[in-house]
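All values derive from a computational prediction rather than experimental measurement.
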Amino acid sequence: MRLAVKTIFILIVIFLLSGCSDNAIITESKEDLKNVNCMRLVIFPPDNFSSEIMHKLYNFDENCSYQLSVSQKSRITCNSNQNADKKILSSFPSGYIRLDLAKGSKNIFTYYRDLTDRADNEDVQRAFATLQKHLH
């Protein structure tokens with residue numbers, strides 16, 4: 001019986017520590033990233049906050065064939081009963097930020113990160129810095 005209690009306690013601790021992590025999901029096509037010399041910015045849904053930050057970080061070219069799509073969402077509510085324990089015991093994500101770099105219909109880079117709140121200045125800068133790191 002004591003072993004079962006210890007095992008349950010260890011599992012609960014591991015579960016609590018493995019909540020929403022700071023790791024982003026990144027997919028890329030390294031060969032295609034070598035050729036990126038400009039980017040066109042598309043923010044959907046339109047968001048002045050993200051647009052201002054992105055334009056401070058990079059000189060986007062409206063005529064470029066590489067399109068950087070930035071999307072974010074906050075206040076996502078999950079009504080599933082399967083996630084009730086995660087919502088109560090950890091910082092369950094309620095938003096995300098995503099960057100997709102594509103040429104035509106071919107996606108060559110994706111950055112995705114769950115957030116517990118609306119994306120702030122640091123989140124947008126971190127996402128773009130990750131893209132720049134993979135470009136060079």
Subject >> Distance-only polar pair, side chains of Glu52 and Asn48, donor-acceptor under 3.5 Å >> reply: no
Original post:
Looking at residues at least two apart in the chain, or sitting in another chain, which of them share a ring pair (Phe, Tyr, Trp, His ring centres under 6.0 Å) with Phe128?
Top reply: Tyr58
Subject >> Residues which pass side chain to side chain contact (heavy atoms under 4.5 Å, CB included) with Asn35, listed by chain and number, not counting sequence neighbours >> reply: Tyr66
Original post:
Between Asp32 and Lys103, does a salt bridge (Lys or Arg N to Asp or Glu O under 4.0 Å) hold up when you go through it step by step?
Top reply: CA-CA 9 Å; Asp32 291 324; Lys103 183 171 186 179; over 6 Å; no
Original post:
Which disulfide (SG to SG under 2.5 Å) pairs, counting each pair once, include a residue from residues 31-67, with sequence neighbours left out?
Top reply: Cys38-Cys64
Subject >> Contact list for residues 53-62, test salt bridge (Lys or Arg N to Asp or Glu O under 4.0 Å), sequence neighbours left out >> reply: none
Subject >> Taking every non-hydrogen atom, the tightest pair across Phe49 and Asn121 >> reply: CZ-N, 3.4 Å
**OP:** Name all residues meeting the side chain to side chain contact (heavy atoms under 4.5 Å, CB included) criterion together with Lys133; count only those two or more places apart in sequence or in a different chain, and write none if there are none.
**Re:** none
Original post:
Under a 4.5 Å cut-off applied to non-hydrogen side-chain atoms, are Met39 and Leu101 in contact?
Top reply: yes
Original post:
With under 30° as parallel and over 60° as perpendicular, where do the rings of Phe109 and His134 fit, or are they tilted in between?
Top reply: tilted
Subject >> Salt bridge flag under 4.0 Å for residues Arg113 and Asp123 >> reply: yes
**OP:** Identify the two heavy atoms, one from Leu57 and one from Gln132, that lie closest to each other, and give their separation to 0.1 Å.
**Re:** O-NE2, 4.2 Å
**OP:** Indicate the atoms forming the closest heavy-atom contact of Asp47 with Ile43, along with that distance.
**Re:** N-CG2, 3.8 Å
Original post:
Can you tell me how far the CG atom of Leu115 sits from the OH atom of Tyr96, to the nearest 0.5 Å?
Top reply: 10.5 Å
**OP:** Using a 4.5 Å cut-off on heavy atoms from C-beta on, say whether the side chain of Thr130 contacts that of Leu99.
**Re:** no
**OP:** Output all residues satisfying side chain to side chain contact (heavy atoms under 4.5 Å, CB included) with Ser69, sequence neighbours left out; order by chain, then residue number.
**Re:** Val42, Gln67, Asp100
Original post:
Please walk me through it: do Ile97 and Tyr111 pass side-chain contact (heavy atoms from CB on, under 4.5 Å)?
Top reply: CA-CA 8 Å; Ile97 184 167; Tyr111 172 96; 4.1 Å; yes
Original post:
By side chain to side chain donor-acceptor pair (under 3.5 Å), which residues pair with Glu122, not counting sequence neighbours?
Top reply: Arg126
Subject >> Test log, rule side-chain contact (heavy atoms from CB on, under 4.5 Å), inputs Thr110 and Arg98 >> reply: CA-CA 7 Å; Thr110 298; Arg98 180 179 179 139; 3.8 Å; yes
**OP:** Using a 4.5 Å cut-off on heavy atoms from C-beta on, say whether the side chain of Phe60 contacts that of Arg40.
**Re:** no
